[in-house]
Amino acid sequence: MNVTLTIAGSDSGGGAGIQADLKTFQELGTFGTSVITAITSQNTQGVHAVHAIPVQDVESQLKAVLDDFPIQAAKTGMLFSAAIITTVSRLMKAHNIPLVVDPVMIAKGGASLLQQEAITAMKTELLPLATVITPNIPEAEVLTGMTIVDDATMIAAGQALLTIGVKVAIIKGGHLAGSHTARDIIVSTDDIFIVETPFITTKDTHGTGCTFSAALTAELAKGTALREAVTIAKQFIQAAIQHPLHLGSGHGPTNHAAYHNFEKVQVTLYDDL
Ligand SMILES: Nc1ncnc2c1ncn2[C@@H]1O[C@H](COP(=O)(O)OP(=O)(O)O)[C@@H](O)[C@H]1O
Ligand SMILES: Cc1ncc(COP(=O)(O)OP(=O)(O)O)c(N)n1
């Protein structure tokens, strides 16, 4: 059994955060472990409260898991503060575990999930340890200081992230205005490629970023090569959005069981760039 780890916040609504990650890890056949960084009181209508876990408790959870489990890949989600980022970075640095960083900053409803002063710690301490980073466009703009409007600027932002020490940058195009496709660009030192699916018009997209990065982490834990891992993660999230559960009155969760319960989704890959 391949073991995965998520270091993230709890979403009481179950669509994002730790809950989305563990469901995705399980669906993709890995054993999920977790370190909780914050508790959010959250439902499909938004984030009602955030309680950061004291940094010593984040540290003891992470030590407990790292000391006992053969973790094949880990991901980070909501890290909330500079102190939590510093602690997580210090402990992960001592282990050679493939790390997917989903640089969660703001929830769809607008609530802040990362303090402004934590961005420097993310860039200088955590990103140099990242095997893969998965920012959406607003997150990539904050991390690079660039304005992203098209493929060329998505690639330029990905390359800027490589200079910080990230090995692979996946710039997710789900937020690109006016787009009819959900087009994500993958940039590494020796490869650039695009994965694309039809953009689905729906309000049930709560936790898409968490679910996509967790699926990628599960595949990396199983030893799947990067292109195949990204393609499976894209199929997983597309199926989860395409077959909604219609829960709650706001932005509903995606369907984490859809990848296995419905026909495989077609992902278009472009690599002639
Ligand atoms: N409405 C949508 N239809 C299809 N794919 C989407 C949609 N929204 C997001 N995606 C895809 O879901 C994944 C997560 O992206 P995104 O929503 O940008 O993350 P985040 O939750 O971090 O903002 C990406 O592969 C993105 O292209
Ligand atoms: C606890 C927690 N972590 C992360 C998020 C953000 O999730 P994301 O996948 O970016 O989806 P949206 O919140 O933007 O729908 C969260 N909301 N809560």
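For the numbers below, each heavy atom of this structure counts, side chains included, while hydrogens, waters and symmetry mates do not. Being a predicted model, the structure only gives us computed values, none of them experimental. Every number for a ligand or one of its atoms is a count from 1 in the order of the listing.
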Which of the numbered atoms in ligand 1 are under 4.0 angstrom from any heavy atom belonging to [X]?
| X | value |
| --- | --- |
| G209 | 14 (C), 19 (O), 20 (P), 21 (O), 22 (O) |
| K108 | 21 (O) |
| N136 | 18 (O), 20 (P), 22 (O), 23 (O) |
| A182 | 4 (C), 5 (N), 6 (C), 27 (O) |
| F199 | 1 (N), 2 (C), 3 (N), 7 (C) |
| Q238 | 4 (C), 5 (N) |

Side-chain heavy-atom pair T30, K222 within 4.5 angstrom cut-off: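 In short, these two side chains touch, coming nearer than 4.5 Å.
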
Considering only heavy atoms of [X], which atoms of ligand 2 have at least one such atom less than 4.0 Å away?
| X | value |
| --- | --- |
| G209 | 9 (O) |
| G9 | 1 (C) |
| V104 | 4 (C) |
| T205 | 15 (O) |

[X] N/O under 3.5 Å from ligand 2 N/O:
| X | result |
| --- | --- |
| A107 | no |
| H206 | yes |
| K108 | yes |

E59/R90 ion pair, N-O < 4.0 Å: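 The answer is yes: the pair qualifies as a salt bridge.
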
Ligand 2-proximal atoms of T208, by part, heavy-atom distance under 4.0 Å: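 Backbone only.
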
Whether H243 and F262 hold their rings parallel, tilted or perpendicular, with breakpoints at 30° and 60°: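 Ring orientation of H243 relative to F262: parallel.
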
Cation-aromatic face contact K264/Y259, 6.0 Å, 45 degrees: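 Yes, cation above the ring, under 6.0 Å and within 45°.
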
Six-ring centre of Y270, R183 cation under 6.0 angstrom, axis tolerance 45°: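 Checked: cation-pi criterion met.
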
Option set L113, L79, N136, I237, criterion heavy-atom distance to atom 16 (C) of ligand 2, minimum: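 Looking at heavy atoms only, the winner is L113.
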
Closest to atom 14 (C) of ligand 1 among T208, I200, V267 (heavy-atom distance):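 Among T208, I200, V267, the closest heavy atom to atom 14 (C) of ligand 1 comes from T208.
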
Backbone N or O of [Y] within a donor-acceptor pair of the [X] side chain at under 3.5 Å?
| X | Y | result |
| --- | --- | --- |
| K172 | T134 | yes |
| D11 | A16 | yes |
| T33 | T4 | yes |
| H206 | T254 | no |
| T205 | T208 | no |
| T44 | G252 | no |

With a cutoff of 4.0 Å, is [X] in contact with ligand 2, counting heavy atoms of the residue only?
| X | answer |
| --- | --- |
| Q42 | yes |
| T211 | no |
| S10 | yes |
| G207 | yes |

T6: which of T24, T37, D21 passes side-chain hydrogen bond (donor to acceptor under 3.5 Å, both in side chains):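 For T6, the side-chain hydrogen bond (donor to acceptor under 3.5 Å, both in side chains) test succeeds with only one of T24, T37, D21, which is D21.
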
S213-K75 side chain donor-acceptor pair, cut-off 3.5 Å: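 Side-chain D/A pair, S213 to K75: present.
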
Short side-chain donor-acceptor distance under 3.5 Å, Q45 and S249: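 Short answer, yes.
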
4.0 Å heavy-atom contact, P198 with ligand 1: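 Contact present.
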
Test item, Q242 contacting ligand 1 (heavy atom, 4.0 angstrom):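 It does not; every heavy atom stays at 4.0 Å or beyond.
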
Distance-only N or O hit between ligand 1 and [X], under 3.5 Å:
| X | result |
| --- | --- |
| E139 | no |
| K234 | yes |
| T197 | no |

Nearest neighbour in protein (non-hydrogen) for atom 4 (C) of ligand 2: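 In this structure, atom 4 (C) of ligand 2 has C210 SG, 3.6 Å as its nearest protein heavy atom.
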
Neighbour count >12 (heavy atoms, 6.0 Å) for atom CD, Q159: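 Count over threshold, so yes.
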
